[in-house]
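Each remark here refers to the structure printed beneath this line.
Keep in mind that the numbers below use all heavy atoms, side chains included, and drop hydrogens, waters and symmetry copies.
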Amino acid sequence: ADQTPEEEAEFEMFIAEFANTMKLLTKQGHLTLRYHGVEADDIAALICSKREHLGLEDIWLVSSDKDWDLLIDENISRFSTVTRKETTLGNWDEHYDFDPEYFLTFKCLTGDKGDNVPGVNGIGPKRASGLIQQYGDIFDIMATLPIESKYKHMQNLNEFGSEQLGLNVELMDLSYDVDGQVLGNSDEIIGLVEEYISEN
């Protein structure tokens, strides 16, 4: 809504180039999946959740979006097209100072401006890591609220509340109701992936 005419023109150019890229990939025989109202990370989460069913030993996610690190496990890794770095279970501690199972908690506390998901005011990466060390995962933190504290960021956490933290879980957890997120297209998506794998 606040775009300048120049920004609007740039965005339209980006969308046009994106459409051309998708057409080119499809023409070259690559599987491209697009569904109205479904984000790429939802489709990736579905495919990752069916990894064994699909007979995939390892999956590499190619994305600069750190949200995809929610999917990382011993068989799933991410390569960033921006930093040119890999994030794997083996080098996780080079990227984060908490264990992989706490990444969702970290995201729920800090929020995600790019996805319009609010975080707790005053809680950045360092304080989020400290809360994880002290209280545990997001559900432990929610069960502990309100937490008595003189610190403003902790008072903000109390005001943020369990309800908003719970909503953040639903918005950010890529494994949360995956089939619902892909709007009932999960069987079709998995079928298309199976067909592509068998042909390639």
When you group the ILVMFWY residues by side-chain heavy-atom contacts below 4.5 Å and let the links chain together, are Phe139 and Leu165 in the same group?
yes

Please enumerate all residues that pass ring-ring contact (aromatic ring centres under 6.0 Å, His included) together with Trp92, with sequence neighbours excluded.
Tyr96, Phe103

Return yes if some donor-acceptor pair links the side-chain N/O of Thr110 with the main-chain N/O of Gly119 below 3.5 Å, else return no.
no

I'd like to check Ile141 versus Leu109 (side-chain heavy atoms, cut-off strictly below 4.5 Å). Are they in contact?
yes

Hey, could you give me the OG1/CG distance between Thr105 and Asp99, rounded to the nearest 0.5 Å?
11.0 Å

Residue list, side chain to side chain contact (heavy atoms under 4.5 Å, CB included) with Asp97, at least two apart or on another chain
Ser129

Tell me whether Arg51 contacts the main-chain N or O of Leu56 through its side chain, where contact means a donor paired with an acceptor under 3.5 Å.
yes

More than 12 heavy atoms from other groups under 6.0 Å of CG on Asp187
no

For Ile190 and Lys50 the tightest heavy-atom approach is CD1-CG, 3.6 Å

Side-chain contact, heavy-atom cut-off 4.5 Å: Phe18 with Met22?
yes

Return yes if some donor-acceptor pair links the side-chain N/O of Asn91 with the main-chain N/O of Glu86 below 3.5 Å, else return no.
yes

Would one find more than 12 heavy atoms of other residues, nucleotides or ligands at under 6.0 Å from atom CD of Glu148?
no

Distance (rounded to the nearest 0.5 Å) between Leu131 CG and Gln133 CD
9.5 Å

What verdict does the side chain to side chain contact (heavy atoms under 4.5 Å, CB included) test give for Ile147 and Leu145, after you've listed the backbone C-alpha separation in whole Å, the side-chain angles of each residue and the deciding distance to 0.1 Å?
CA-CA 5 Å; Ile147 299 170; Leu145 294 180; 4.0 Å; yes

Is the shortest side-chain heavy-atom distance between Pro100 and Leu89 below 4.5 Å?
yes

Taking it one step at a time, do Asp42 and Tyr35 satisfy side chain to side chain contact (heavy atoms under 4.5 Å, CB included)?
CA-CA 10 Å; Asp42 295 323; Tyr35 292 87; over 6 Å; no

What are the two closest heavy atoms between Asp137 and Asp140, and how far apart are they?
OD1-N, 2.9 Å

Using a 3.5 Å distance criterion without hydrogens, assess whether the side chain of Arg127 forms a donor-acceptor pair with backbone atoms of Gly122.
yes

Could you report the tightest heavy-atom contact between Leu70 and Met172, atom names first, then the distance?
CD1-O, 3.0 Å

Are Leu167 and Leu157 linked, directly or through other ILVMFWY residues, by side chains that come within less than 4.5 angstrom of each other?
yes

What's the verdict on side chain to side chain contact (heavy atoms under 4.5 Å, CB included) for Asn156 and Ile123, showing C-alpha distance, side-chain angles and the deciding distance?
CA-CA 9 Å; Asn156 292 341; Ile123 296 183; over 6 Å; no

List, by chain and number, the other hydrophobic cluster members for Met13, where Ile, Leu, Val, Met, Phe, Trp and Tyr join if side-chain heavy atoms come within less than 4.5 Å, directly or indirectly.
none

May I ask you to check whether over 12 heavy atoms, not counting those of Gln3, lie within 6.0 Å of atom CD?
yes

How long is the straight-line distance from CG of Leu33 back to CG of Leu46, given to the nearest 0.5 Å?
9.5 Å

Quick one: closest heavy-atom pair of Ala44 and Trp68, and the distance?
CB-CZ3, 3.5 Å

Indicate yes or no: at least one non-hydrogen side-chain atom of Lys85 is less than 4.5 angstrom from one of Phe79.
no

Which atom names give the shortest non-hydrogen contact between Ser80 and Ser64, and what distance separates them?
OG-CA, 3.7 Å

Spatial distance of atom NZ (Lys27) from atom OG1 (Thr32) [nearest 0.5 Å]
14.0 Å

In terms of hydrophobic clustering (I, L, V, M, F, W, Y; side-chain heavy atoms under 4.5 Å; direct or indirect links), are Leu25 and Ile47 co-clustered?
no

Around atom OH of Tyr196, are there more than 12 heavy atoms from other residues, nucleotides or ligands closer than 6.0 Å?
yes

Note, Asn168 side chain near Pro118 side chain (heavy atom, < 4.5 Å):
yes

Can Trp60 be reached from Val193 by stepping across I, L, V, M, F, W or Y side chains whose heavy atoms are under 4.5 Å apart?
no

Near Glu57 CD, under 6.0 Å, is it more than 12 heavy atoms from other residues, nucleotides or ligands?
no

CD1 of Ile138 to CG of Leu104: how many Å apart, nearest 0.5 Å?
7.0 Å

Atom CD of Glu101: over 12 foreign heavy atoms under 6.0 Å:
yes

Could you tell me which non-hydrogen atom of Asp65 sits nearest to which non-hydrogen atom of Ser63, and how far apart they are?
N-OG, 3.0 Å

Taking atom CG of Asn185 and atom CZ of Arg34, what is their separation to the nearest 0.5 Å?
14.0 Å

